[in-house]
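Notes to accompany the following structure.
These numbers were taken from a predicted model, which means no experiment stands behind them. Order of the sequence lines sets the chain letters (A, B, ...), proteins ahead of strands, with each chain counted from 1.
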There are 2 protein chains.
Amino acid sequence: MLLFFATGASADPLPSWNDTAAKARVISFVEAVTDPASEMYVTPAARIATFDNDGTLWAEQPLYFQLFYAVDTVARMAKDDPSILTTDARKAAAKGDVQAVMAGGNAALLDVLALSHAGQSVEDFQAGVAMWLETARHPTTGLRYDQMVYQPMLELLRYLRDEDFDTYIVSGGGIHFMRVFAEEAYGIPPEHVIGSSIVTSYDVTGATPVIQKEAELFFNDDKEGKPLAIDRHIGRRPIMAGGNSDGDFQMLEWTTAGEGARLGLYVHHTDANREWAYDRDGHIGVLKRGLDEAEDRGWLVIDMAKDWAKIFPVAPQ
Amino acid sequence: MLLFFATGASADPLPSWNDTAAKARVISFVEAVTDPASEMYVTPAARIATFDNDGTLWAEQPLYFQLFYAVDTVARMAKDDPSILTTDARKAAAKGDVQAVMAGGNAALLDVLALSHAGQSVEDFQAGVAMWLETARHPTTGLRYDQMVYQPMLELLRYLRDEDFDTYIVSGGGIHFMRVFAEEAYGIPPEHVIGSSIVTSYDVTGATPVIQKEAELFFNDDKEGKPLAIDRHIGRRPIMAGGNSDGDFQMLEWTTAGEGARLGLYVHHTDANREWAYDRDGHIGVLKRGLDEAEDRGWLVIDMAKDWAKIFPVAPQ
C-alpha cells in the first residue's frame with residue numbers, strides 16, 4: 001500500500017483546474033518534456049519555467065499591491081513625522097487617497113515610491129514589507145495580500161517542481177519586495193525571484209556594512225526587460241513562461257522562439273464574479289497584443305472563469 | 001563493503017590540499033555548519049558560497065584571460081576584414097601585441113573590448129568564446145585557458161556541493177564570457193554565474209528575436225559591486241566567500257559580517273615556481289588591504305605554495 005501512495009501516478013497534480021483543454025495541454029506538455037522516451041524530452045537542468053507575478057501568481061486589482069504598500073507606508077511614516085508631508089502626493093498618500101496619488105501622474109507616483117522604497121537598507125525595507133503584510137488587508141476582499149495568490153498557479157508551480165523544473169518569478173514588481181513573501185507564498189526562494197530594482201549602494205559608515213536602497217531606477221523588468229533579465233540572471237532560455245499582460249509578451253516570445261518543446265501561457269482575467277474581468281482596457285494588466293496573437297503563436301490562453309475551479313486558497317471575507 | 005564506500009566518512013574531500021592548518025580550518029567550518037548537533041549549524045538553503053573567478057578559481061597572469069580573448073578576437077576579425085583596423089589599439093591587437101594595447105590605457109582597452117564583446121548577439125558571442133577556448137593556448141604554460149583552473153579549488157567546490165552548499169561565481173569577469181566554461185570547468189551552471197555585464201537589447205528585426213550586446217557598461221561586478229550583485233542575484237548573504245584580491249574585499253566583508261558561522265578566505269599567490277607570486281604590487285590581482293586586515297578579520301589566507309599539493313589538474317607543457 002505504501003508503494004501505491006509513493007508512486008502516486010494517478011493523483012491529479014492540478015486539482016483546482018477544471019477538466020478542460022487548458023489543463024490537458026499543460027499536463028501533456030509537462031509529461032512530454034519529462035518522458036525520456038519522448039521526442040520532446042528535456043533534461044532536468046534545462047527545465048526552466050518563468051512566471052510573471054502581478055496578475056499571474058497573485059491578483060493586481062484595483063491596483064498593484066506594491067502601490068498599496070507604498071501608500072500605506074507613507075501614511076505610517078507621516079504619523080511618526082508629519083514634516084515629511086511636503087508634496088500633494090505625500091499628503092494624498094497620508095490620507096490613504098490612492099486615487100489622488102494616481103491622479104498626480106508619474107511624478108506623484110515616483111515621489112511616493114521613492115519615500116517608501118529608498119533611503120533605507122534592504123534589511124529594514126524587507127522588515128517593513130513583512131510587517132505591512134501582517135497587518136494590511138485588501139480593500140475589497142478583506143484578505144491578506146499574500147492570501148490573494150491563485151490556487152491553480154500554486155498547484156502548477158508545485159507540479160513543475162515535482163517534475164524537476166526550476167520555477168522563477170520574472171516580474172515588473174520590485175525584487176526586494178517580492179522576495180519577502182515569494183518563498184512562503186509560492187515556494188520560490190529569493191535567488192529565483194527576478195524583478196525590477198532601484199540602485200543600491202554599499203555603506204560601511206556604520207558598525208556593520210549595509211546595502212542601501214537609492215531613489216533611482218536600476219532596471220525595469222517589464223516588456224523587453226524580461227528576456228534581458230532572464231538572460232542576465234538565469235543565462236538559459238526557459239522552456240515555459242506564463243504571464244497575463246502585454247508586459248509579458250516578450251518573455252513568452254523569447255521563451256517560445258527556442259527550439260524543441262515550449263509552452264507560453266497567458267492567464268486571462270475573465271471572472272468578474274470570483275476575481276476581476278479585464279484585458280484590453282484600463283491601466284493595469286493590459287492584454288491586447290497578447291490576445292490578438294496568442295492563437296497564431298500557439299500560446300495557451302487560460303480562461304480563469306472556465307478553466308479554474310478555484311481562485312484563491314481561502315474564500316474572500 | 002558497499003556500505004563502507006557509500007558512507008565514505010574517511011575519504012579525504014580535499015586530496016590536493018596539504019595537511020596544514022588551512023585545510024583543517026576549511027573542513028572544520030564545513031563540518032560545523034552541516035552538523036545538525038552543532039551550534040554553528042546552517043540549513044542547506046542558507047549554505048551559499050561565493051567565489052571570485054580570476055586568480056581564485058583559475059589563473060589570471062600575465063593578464064586576465066578575457067583580455068587575451070579580446071585581443072585574439074580582434075586579430076581574427078581583422079583577418080576577415082582589415083578595414084576595422086582604424087585605431088592604434090586595434091592595430092596592436094591584430095599583431096597580438098598585448099603590451100601595446102595595454103600601453104594605450106583605458107581608451108585603448110575599451111576599444112578592443114567593445115569590438116570583441118559588443119555588436120553581436122549573446123549566442124554568437126558565446127559561440128565565439130567556445131571556439132576560442134578550443135584553439136587558444138596560454139602564452140607561458142601552453143595549456144588551454146580552461147585547463148588553468150586550480151585543482152584544490154575544484155575539490156573545494158565539489159566538497160561544498162556534496163555538503164548541500166550552492167556554489168556561485170561572483171567575479172569582475174564578463175557574465176556571458178564565464179558562462180561558456182563555468183559549468184564544464186567548475187560544475188557551476190549559468191544561473192550561478194554572476195559577473196560584470198554590458199548593456200543588452202532585445203532585437204526582433206530578424207526571423208527570431210535575439211539578445212544583442214551593446215558597447216556600454218551595465219554593471220561592474222567588482223569591489224562594492226560584489227555585495228550589491230549578491231544581493232540582487234541571490235538575495236541571501238553567503239556564509240562563505242573566497243577571493244584573491246582587494247576587488248574581493250567587500251564580498252568577504254559582507255559575507256563575514258553576517259551572524260553565525262562565516263568563512264572568508266583569500267587565495268594568496270605565493271608560488272612563483274608552480275604558478276605566479278604576486279600580491280601588493282602590479283596591475284592584476286592586487287592584494288594589499290586584504291593582507292593587512294585578514295588576520296584581524298578572521299579571514300583564512302591560503303598560501304598556495306604551502307597549502308596546495310597541486311595547482312592545475314594537468315601539468316603545464
Given heavy-atom pairs under 4.5 angstrom as the criterion, report whether the side chain, backbone, both or neither of [X] touches chain B.
{"X": "A/Ile175", "result": "side chain"}
{"X": "A/Val204", "result": "side chain"}
{"X": "A/Gln250", "result": "both"}
{"X": "A/Gln212", "result": "neither"}

(request) Would you give the length of the straight line joining atom OG1 of A/Thr50 to atom CG of A/Leu252, rounded to the nearest 0.5 angstrom? (result)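 It comes to 7.5 Å.
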(request) Return the orientation label for the A/Phe249 and A/Trp299 ring planes: parallel under 30°, perpendicular over 60°, tilted otherwise. (result)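 Ring orientation of A/Phe249 relative to A/Trp299: perpendicular.
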(message) Out of A/Leu228, A/Thr200, A/Thr208, return the one with the most heavy atom pairs under 4.5 angstrom to chain B.
(response)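 Most pairs with chain B among the choices: A/Leu228.
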Answer yes or no: is there a donor N or O on one side and an acceptor on the other, between the side chain of [X] and the main chain of [Y], under 3.5 Å?
{"X": "B/His117", "Y": "B/Leu113", "result": "yes"}
{"X": "A/Thr56", "Y": "A/Asn53", "result": "no"}
{"X": "A/Tyr145", "Y": "A/Tyr69", "result": "no"}
{"X": "B/Asp296", "Y": "B/Glu293", "result": "no"}
{"X": "A/Ser196", "Y": "A/Asp221", "result": "yes"}

(message) Against the six-membered ring of B/Phe181, is B/Arg144 placed for a cation-pi contact (under 6.0 Å from the centre, within 45° of the normal)?
(response)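 Not satisfied by the 6.0 Å and 45° rule.
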(request) Would you kindly check if the NZ (Lys) or CZ (Arg) of B/Arg232 is within the cone defined by 45 degrees around the ring axis of A/Phe219 and under 6.0 Å from the six-membered ring centre? (result)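 Negative - B/Arg232 is either too far from the ring of A/Phe219 or too far off its axis.
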(request) Name the member of B/Lys223, B/Glu253, B/His192, B/Arg179 that forms the most heavy-atom pairs with chain A at distances under 4.5 Å. (result)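 Top count of heavy-atom pairs under 4.5 Å with chain A: B/Arg179.
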(message) If the contact rule is any heavy atom under 4.5 Å from chain B, which residues of residues 157-172 of chain A qualify, in numerical order?
(response)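 Residues of residues 157-172 of chain A touching chain B at under 4.5 Å: A/Asp166, A/Tyr168.
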